[in-house]
*Asks:* 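Here it is: the structure, laid out below.
Model, not experiment: these values are computed from the prediction. Atoms within each ligand, like the ligands themselves, are counted from 1 in listed order.
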Amino acid sequence: MQRILGIETSCDDTAVAVITSTGKILSNILSSQDDFHAKYGGIVPEVASRKHLELISVVVQEALTSAETTLSEIDLIAVTHGPGLVGSLLIGVDYAKTLSSLLGKPIIGVNHLEGHLLSPTLLHPEICFPFLGVIVSGGHTQCILVEGIGQYTILAETLDDACGEALDKFGKMLSIPYPAGPKIEKIALAGDPNVFSFPLPKIREKRFALSFSGIKTAASLIIQGMTPEERENRKADLCASFQEAVMKQIIHRIQQLIPLYSFSGIAFSGGVSANQRLRDLALQHVQKPVYFPSRILSTDNAAMIAHAGYQRYLINGPMALDFPVISRLELSQ
Ligand code: KG4
Ligand code: ZN
């Protein structure tokens, strides 16, 4: 049994995990910077990289201690090298490369999106190829045909905002702190999703594309037309209605894709896949086996990076130490 150290610093969370080659998570530590960024209403790249620098060695140590593992017992180092904020990615990648060269351990750069895409297979090793991977996060909304490790075809993606980004921007209109997605979910529990109607976008040129900018503008117009008191009183209905529109659009696109391909099932991943309304709608309306990561593995974490890194390592072996960080890394690269 091998041990893999995963390091993830692509955005605003400093995350380190130790997992085994059989997919057992020995530790999965996350130091969130949400409180620092909430006051600016979004992520400030300079603040994020400075915080990663402060935290990285402490979080690595914590992950090793909690896994009852020493550095000499680590067999592979997996680190996110894109996509993400360059300054943030560099902190994790430089740290991982230093560890690799000091300890003489193999290293592999991992695509953050591949980390999300394969994360449901940690909890559900029974998922078999081909499956439909649905990444719903703060930066991406993509439906992907997954035929094997590294064999990915994007079948549908958003033309504008990612679904998590749309939720965060909608939250900002109602002064809900960043990241707004989980808070909108809580507020929506007290609301009626049918009060405000945010119709499905009609996209002529790309049949399966998703788009969230139209409902964002519609929400903005409704909110601007309200007094501060009305906004407060209707907050739960607004959140429930907006959340419903976002999740229903995702489910609708999946329903359109299912008859066209032979998927064994649908595997959701990314921060928005933690959302219970999305989970309920998927179970009710998707006529295929549906898989979700555990909630802690939905949002950014390093266990998924260690897992994806190990899967890639089995196929491609380690990387040379001079691999770059790529802020706009695509899944196909
Ligand atoms: O995957 P993730 O942690 O980071 C990215 O790679 O983007 O996703 C973060 C996004 C944020 O937009 C956040 O608002 C959203 O996921 N999110 C949620 C929930 N938890 C996180 N959206 C809806 N419901 C949730 N429970
Ligand atoms: Zn992510």
*Asks:* Can you list the ligand 1 atoms lying under 4.0 Å from a non-hydrogen atom of Gly164?
*Replies:* 12 (O)
*Asks:* Considering distance alone, does some N or O of Gly270 sit under 3.5 Å from an N or O of ligand 1?
*Replies:* no
*Asks:* Between Phe323 and His81, how do the two ring planes meet: parallel, tilted or perpendicular, split at 30° and 60°?
*Replies:* perpendicular
*Asks:* Determine whether the side chain, the backbone, both or neither of Asp13 has a heavy atom under 4.0 Å from any heavy atom of ligand 1.
*Replies:* neither
*Asks:* Taking atom CG of Leu189 as the centre, report whether more than 12 heavy atoms of other residues, nucleotides or ligands fall under 6.0 Å from it.
*Replies:* yes
*Asks:* Closer than 3.5 angstrom, by distance alone: can the side chain of Glu8 be matched with the main-chain N or O of Ser10 as a donor-acceptor pair?
*Replies:* yes
*Asks:* Show the atoms of ligand 1 that are less than 4.0 angstrom away from any heavy atom in Asp168.
*Replies:* 11 (C), 12 (O), 13 (C), 14 (O)
*Asks:* Using a 4.0 Å cutoff against the non-hydrogen atoms of Gly138, which atoms of ligand 1 qualify?
*Replies:* 5 (C), 7 (O), 8 (O), 9 (C), 10 (C), 12 (O)
*Asks:* Determine the interplanar angle of the His112 and His116 rings, folded into 0 to 90°, and report it as parallel if under 30°, tilted if 30 to 60°, perpendicular if over 60°.
*Replies:* perpendicular
*Asks:* Considering Asp300, Val136, Asn301, which one's heavy-atom position lies nearest to atom 5 (C) of ligand 1?
*Replies:* Asp300
*Asks:* With a cut-off of 4.0 Å, which atoms of ligand 1 are near a heavy atom of Glu185?
*Replies:* 24 (N), 25 (C), 26 (N)
*Asks:* For Glu229, look at atom CD and say whether over 12 heavy atoms of other residues, nucleotides or ligands are found less than 6.0 Å away.
*Replies:* no
*Asks:* Looking only at heavy atoms, which two atoms of Ala63 and Ala17 are closest? And how far apart?
*Replies:* CB-N, 4.4 Å
*Asks:* Take the angle between the ring planes of Phe198 and Phe242 and call it parallel below 30°, perpendicular above 60°, tilted in between.
*Replies:* perpendicular
*Asks:* His116 heavy atoms, cut-off 4.0 Å: which ligand 1 atoms fall inside?
*Replies:* 1 (O), 6 (O)
*Asks:* The Zn ion (ligand 2) and His116: any N/O/S contact shorter than 2.8 Å?
*Replies:* yes
*Asks:* Of the listed options (Gly181, Ala274, Ser298, Ala162), which comes nearest to atom 22 (N) of ligand 1 when hydrogens are ignored and any heavy atom counts?
*Replies:* Gly181
*Asks:* Under 4.0 angstrom from ligand 1, any heavy atom of Gly139?
*Replies:* yes
*Asks:* Has His112 got any heavy atom lying under 4.0 angstrom from an atom of ligand 1?
*Replies:* yes
*Asks:* What atoms of ligand 1 come closer than 4.0 angstrom to any heavy atom of Thr299?
*Replies:* 3 (O), 21 (C)
*Asks:* Hey, what do you get for OG (Ser72) to CG (Leu64), rounding to the nearest 0.5 Å?
*Replies:* 9.5 Å
*Asks:* With heavy atoms of Val272 as the reference, note each atom of ligand 1 found under 4.0 Å away.
*Replies:* 15 (C), 16 (O), 18 (C), 22 (N)
*Asks:* Against heavy atoms of Asn275, which atoms of ligand 1 measure under 4.0 Å?
*Replies:* 23 (C), 24 (N), 26 (N)
*Asks:* In degrees, rounded to 10 degrees, what angle do His112 atom NE2 and Asp300 atom OD1 make at the Zn ion (ligand 2)?
*Replies:* 100°
*Asks:* May I ask you to decide if Ser211's main-chain N or O and Asp160's side chain share a donor-acceptor pair within less than 3.5 Å?
*Replies:* no
